[in-house]
Colleague: 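The structure under discussion is supplied below as C-alpha cells; questions concerning it will follow.
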Protein chains: 4
Amino acid sequence: MKSAKIIEVNQPLQIEETKTPKPKGSQVLVKVRSSGVCHSDIHLWEGGYEGPQGQFLKTTDRGVKYPLTPGHEIAGVVDSLGEQTEGFAKNEKVLVYPWIGEGLCPACRTGEENLCDKPRSLGIYNDGGYAEYVLVPSYKYLIKLGDEIDTDTSAPLSCSALTAYGAVKNGNLTPNDNVVIVGTGGLGLMAIQLAKAITGSRIIALDRDDKKLKAAKENGADDIINSQKEDAVKAVMELTGKMGADAVIDFVNASSTVETDLNFLRRRAKLVLVGLFGGELKLNLIAMPTRSYKLIGSYTGSMNDLIELVSLAKRGIIKPIISNQFKLDEATKALKMLRDGKILGRGVINP
Amino acid sequence: MKSAKIIEVNQPLQIEETKTPKPKGSQVLVKVRSSGVCHSDIHLWEGGYEGPQGQFLKTTDRGVKYPLTPGHEIAGVVDSLGEQTEGFAKNEKVLVYPWIGEGLCPACRTGEENLCDKPRSLGIYNDGGYAEYVLVPSYKYLIKLGDEIDTDTSAPLSCSALTAYGAVKNGNLTPNDNVVIVGTGGLGLMAIQLAKAITGSRIIALDRDDKKLKAAKENGADDIINSQKEDAVKAVMELTGKMGADAVIDFVNASSTVETDLNFLRRRAKLVLVGLFGGELKLNLIAMPTRSYKLIGSYTGSMNDLIELVSLAKRGIIKPIISNQFKLDEATKALKMLRDGKILGRGVINP
Amino acid sequence: MKSAKIIEVNQPLQIEETKTPKPKGSQVLVKVRSSGVCHSDIHLWEGGYEGPQGQFLKTTDRGVKYPLTPGHEIAGVVDSLGEQTEGFAKNEKVLVYPWIGEGLCPACRTGEENLCDKPRSLGIYNDGGYAEYVLVPSYKYLIKLGDEIDTDTSAPLSCSALTAYGAVKNGNLTPNDNVVIVGTGGLGLMAIQLAKAITGSRIIALDRDDKKLKAAKENGADDIINSQKEDAVKAVMELTGKMGADAVIDFVNASSTVETDLNFLRRRAKLVLVGLFGGELKLNLIAMPTRSYKLIGSYTGSMNDLIELVSLAKRGIIKPIISNQFKLDEATKALKMLRDGKILGRGVINP
Amino acid sequence: MKSAKIIEVNQPLQIEETKTPKPKGSQVLVKVRSSGVCHSDIHLWEGGYEGPQGQFLKTTDRGVKYPLTPGHEIAGVVDSLGEQTEGFAKNEKVLVYPWIGEGLCPACRTGEENLCDKPRSLGIYNDGGYAEYVLVPSYKYLIKLGDEIDTDTSAPLSCSALTAYGAVKNGNLTPNDNVVIVGTGGLGLMAIQLAKAITGSRIIALDRDDKKLKAAKENGADDIINSQKEDAVKAVMELTGKMGADAVIDFVNASSTVETDLNFLRRRAKLVLVGLFGGELKLNLIAMPTRSYKLIGSYTGSMNDLIELVSLAKRGIIKPIISNQFKLDEATKALKMLRDGKILGRGVINP
C-alpha cells in the first residue's frame, strides 16, 4: 500500500510503499476514499507550534513519533475484517472515528475517548488516512454512511464538524440565550449551522473579514460584527440590551480574542475555548467567583457525538463544504495551500 | 431600633437609633437574633480591596452606598408581616436568604438569585443584620428553622456554608473522583464535610498549616498535604497514581494557589474558583482545549441550596462551628478580630 | 369591569359587571386583549371529566370554586401597578404566566411553579382572562412582548405551546433519536415545530386523520403514520430499523394510545404522557426494569420555558396558529365550538 | 475445567469437565475465585417466571440457551490474556463486569451496556461464573481489586450492589428529599447504605418484617415503617408533613407494592421500579400529567457505576454482606437455599 508520510519535519511528505496490514481480532482494514486535510496536520508537519511565551512546543514532546502518516478525517470502505469483528461487511462505506483512547481511563469509560489520558488518535499517534489503507483498532470506531452521503463530504465530520459540535454542546445553549461565535472560518460556520439546528439561541458572529461574515449570515447567524470596523464589546453590549453574551464560543482562542470576550460576558456566562492559536491570557481571578464565569476548554467530540453528526448530515440538516480535492502524491501541496490560506472550505485527499 | 452602621470607611461602626420599619406587601420584619461576621464585611468596612494589578477596587464603584448596616448571615424570629405574606407566623424562628435578586433576569428566573445581574443582597446593597431588626423584601426569602437548630449555628449557613456548598455542587463530584480542597479555613472545612456527606469522592486537603490540616482530617479529609513542607504538585500526583486531580476547589483563589492547581489537574478536570483573594493568573490558553479543563467561578448558592443545607444541618449531617459571640456594640471589635485572624470558627453578633 | 363567568356548570357563561380591582404590593392589573380558549376550559364549564373507571371526577373536588372567570392564556397591556412592582410601565404589552404557585414548595423553589403542591393558576383557581381585566399577583409573572408579536398570537403560548414545549423538553431528545408524536392537533403540531427547531431528532407523526397528518408534515414531521390505515406498531418498527422509538410524546394519553405506544418503544425509551384524555392502563410491571422504560408525566411548563417560547415566537422560529376570534359575550359559543371540534387552530376571546 | 451447568431446567446442575478456553484478541481468561448466587439465577434454573396474567414466561423466549453455566457476579484472578489486551497482568485480582453489550447500539455507545438492545451478559446469554474459569470478551470488562477488598466481598458488587446503585442514581436524590425504600432485603439494604453515602436525603424504609427493618435502621434508614402493622400510606404522609414522598425506590415491584407507592407520591415524584416480582398495575393515566409523576424502570448499572462502587467498597463506605459460601458442586444446594429464603445476606460459590 502507498502512504504519504512525514519522514522529517518541514520536508515534503514521501510516498512510501509498505506491506498492507492484515486486521486481527477486532481490527478492521479500511480502504481510504477520502482523508481531510486539517490545520493540525500542519503542526505535525512543522514538528510543533509556538507556545504562550513564544517558545516552540515540539510534537515529539507530547508523544508524536516520525515517520508518521497523517490524516485523521477518514472515510472509505471496509476492506477486510478481523475474526472478532461484527456488524460490518466488506465494501461497506464507513466513516472512521479517529479519537481513539486506551480504553481504561475515566474519559474512555464514559464514552469520551477524545479526552483520554493516553490518546492513540489515528493520524497523530498512529498512522492515519493519507494512505491507501488505514488499520482501525476496532469495528466499534466505524460508522455506516449508507447511500445518503459520500465519503468526501463525510470525512471532515470526524474533526472539523465534530470540534464545532463539541463546542456547541459545551455551550449548553437554550432559546433566549445570546451566543457569540468568534471566528467564522470552517469551524465557526459549522458551529453556526449546528447552533441554528439544535439550540434555538440567537447567534452573533464575530470576525474581521466581511466575506467570512457574509458566509456566517448565510449559514444562519442572526447578527454579525466586524471587529475591524467597529468596537466588538460595544457592539455585543448593544445587541444584548447592555447585558452581555450568555455564551461565547471562541474558535480562535488567542490572547487578543479571549481578552475581548471577557469584556462582553454576562454574569454566569460560559466561555468555550476551542481554537489552537493559543497565547497567554492575563486572567483577573476575582472576577471568576464574583461574575461566576465558566471557562470551558473544548476538544473535538465523542463517538456518540459523531454518530449524531452523521445523522444530521445524512438528513441535510448540516452541510459540510468540500472545496478542494487532492491526489495522494499532492499531500504536500495540500498542506502548503492550507497553510497559505488558499483552501476556503475543506480539502480532502483521495488516495 | 438600633443598628451598627458603617458611616465612613475604616472608621468604627456607629450604633444608630432609627425608626423600626413596618413591613408592607410581601415584606417581613425579622427580629435579629444572630448575625454572622464574614470576611467580605471587612471589604465593606475598608471600602474596597486590592485588585489584580495592586489597584484599589472601591466598593462604591460596584454600587455599595454608605451609611450601610452590614450583616448578610441573619437568623432570628418573625416580628411582623406585610398583608401579602403567608406561611409564616409571628415569633417563628427563621433563617434569611440574603442573596436577593431583582427578580426578572435569567439567573433569578431559574432560581439562581445569587447570580442576579443586578443584586440587592442584604447587608451589602441594602441594610443587613448588624441591627435589632432587618426588613426582608418577601416571605419567600425565609426558611423555617424549627426546634432542631439554634440561630447562632444557623446564621453562617447562609453565606459561609452556602458558598462551600455551591462550590462542592459546581465540582459535580462522583465516587472515584479525587478532589483537592485548597484552603482549609472555615469554608474549606465545611466543603470537606459536605463532600464527605454527599459525593463519595476521595478528599485531599491542601493547606500550609498543620493545625488546620489536622482539622481537615477530623472533618473528613482522606489525605492531607502541607504545601509548606512538601511539593504540592508532586504530592497530589503521587496520591492520584500520577493522573492528577479530577477536581480542585480553591478557597483561596490567589495567583500562587491557582498556578499550582493547574499543575496537578488531570485532563478533563474541573477547577472551581471560590476565594476572594484574587490576583492575576497567566493562563496558557492552548491548554484549555487540549487538556479540556473547566475553570468554574462559584459564588454562594441558591435559595434551594440553602434549604438543603438547613435540612442537612438539622439532621446533624453537617456541623457549623461557632466560636465567638459579640454584642451589637462590639461589631467593630468583631471585624478587627476577624481581620487579625483571631476568630477560628465563625463569629456571630447577637443584637 | 365585565367578565364572562361560569356561574353554574353546563349553563351559559354570564357577563357580570364587577368593580375593577386596584393592584397592591407586587400586583399588576392587566387589561386583557386576548384570552385563549383551551380544552381544559371545557372541563371547568362541565364541572369535571370522566375518570378511569367511568366515574365523574368533579373539578370542585380538586379545589375549583364557582362562580369562576376562566381563561389562562392571557395577553394584554399593563393597566396599573402596585407600589412594590418594577420593570414594567403602564400600557406595556405583556403575556401573563398563569401557572402560579404558592411559592414555598420545592417545585416553586426551583422555578417549576407549574408543578406546585398547592397551585393558584389564573383562570382555574383564581379569576382569569375571560374578562376586561385580570389581576396578576406579581409583576414577576409578566413577559414583555415588544413589537415583534401581537397579543392574539402570543396568548396561546402560555398553555398550548407551553405544554408542547414542556413535553419536548421532557423527551430530552438528541439528533439520531427517533421520536413519535402521538396526536397531531394543535399541541402535537406545535411539538413538531419545537422538536424540529431545537432537537435535531427525526420526527414521526402518528394520528388517525390524513388532514392532520398532512399538517404534521408541513410543520416538520419527517414521517407520518395513519393508524386507521396501517398497523402503527409495524409502521414504527419499520421506520426505525426494527429497533423501536427512542421516545414517544403522547398528546392523547388514552388507554388505547398508550397501550400501542408501549409496543413500539425501544429499550431505554422515554414515554412522555401529556394528554388529558385519560383512562386506565394495564402496565406489565416487570417490563419497566427489564426494558428500562421511563414513563414521564408532563404538565405545562415553567416561567423560564415560557420566556424561551416567547423568544422563539418573536424570531419566527415557531408559529402559533390562531383561527377564530370571539367577543367576550361569545365565550359560551367559543366553548361549544371547541367542544364540537369546530375550531381547527386556536380560538381567542378579545374582550 | 469444571463448570456447574444447567442442562435441563429444574434438574440439579451438572458438574461438567470441558476444555479450558484460550483467550484470543482482546479476550481474557479469568480464574474464578468467587461467583455470587443471585435470585435471577433461579429464573434461569426454573426456565422462566410467572408473567402479569399468570402465564409462564420462558427464558428461552428471550434468547437464553441451555446447557448454560450461570453466574454473573464474578471475581477472580487473571489466568491468561489475548494478544490484543493490555493493562492487566497474570494473577491480578479482578472483578468482572458481566452486563456486556454488542457494542454498536445507542446504549453501548454512551456507556450503558447494561441496557444494550442485544445483550450478551455473562451467566445469562453466555457461560458465567459457576465454573473454574470464565472467558471475558475484553480486558475492558475487568476492574482491578487491589489488596483492599477480597473476591467474596467484591463479587456481589457487580449485580446486587450495582442494581441498588443504578436505582439510587435514577432516583436523582438531593438533601431535603424524602425517599422511601420499599423492600429491605439485600438490595434494599445496599440502597440505604448508598443513599446515606452520597445523597444527603432522608431515608424511610418500608417492609413487612421487623427484623429486616431493624437491619434497615442499622444500615442508615432514618425512619422505618412496617406495612403489616400500620397503614403505609398514612405513615409516609405523616413522616413527610402530609406532602408525600419525593421519590420511591421499589425493590419488590409487585402490583400490591406499586399500587401503595402511588398513594404516597408527592407531585413531581419519581417512582423507581427495580424488583423483578412483576404483575400488572392498573395505572390511572390522567394522574401522570396532572401529578407529573415519573415512573422509571431501573436495570443494574453501567461499567462506570461499577468502578465507582468498587471505589466506595475499597474505602469501606459501603459494606456488602456475604453470609454463605459454597463449593462448585454445591451450586444446586445454593440455589435451593436461596429460593427457600435461607440465605440472609449473599451466597457465593468458590470454585
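In this text the structure is predicted, and so the values were computed from the model without any measurement. Labels below follow one simple rule: chain letters A, B, ... track the order of the sequence lines, proteins then strands, and each chain is numbered from 1.
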Colleague: Excluding sequence neighbours, so at least two apart, what forms salt bridge (Lys or Arg N to Asp or Glu O under 4.0 Å) with B/Asp177?
Modeller: none
Colleague: Rounded to the nearest 0.5 Å, what separation is found between the OG atom of B/Ser138 and the CD atom of C/Gln84?
Modeller: 9.0 Å
Colleague: Using 0.5 Å steps for rounding, measure from the CZ atom of C/Arg109 to the OG atom of B/Ser302.
Modeller: 10.0 Å
Colleague: With rounding to the nearest 0.5 Å, note down the distance linking CE in B/Met303 to SG in C/Cys108.
Modeller: 11.5 Å
Colleague: If you round to the nearest 0.5 Å, how far is NZ of B/Lys118 from CD of C/Glu86?
Modeller: 9.0 Å
Colleague: For the CG atom on B/Asp61, are there more than 12 heavy atoms of other groups (residues, nucleotides or ligands in this structure) within a distance under 6.0 Å?
Modeller: yes
Colleague: What part of C/Glu112 lies closer than 4.5 angstrom to a heavy atom of chain B: side chain, backbone, both or neither?
Modeller: neither
Colleague: Report which part of C/Leu142 has an atom under 4.5 Å of a heavy atom belonging to chain B: side chain, backbone, both, or neither.
Modeller: backbone
Colleague: Can you tell me how far apart NZ (B/Lys144) and CG (C/Leu104) are? Round to the nearest 0.5 Å.
Modeller: 7.5 Å
Colleague: Under 4.5 Å heavy-atom distance to chain B, tell me which part of C/Phe88 shows up: side chain, backbone, both or neither.
Modeller: side chain
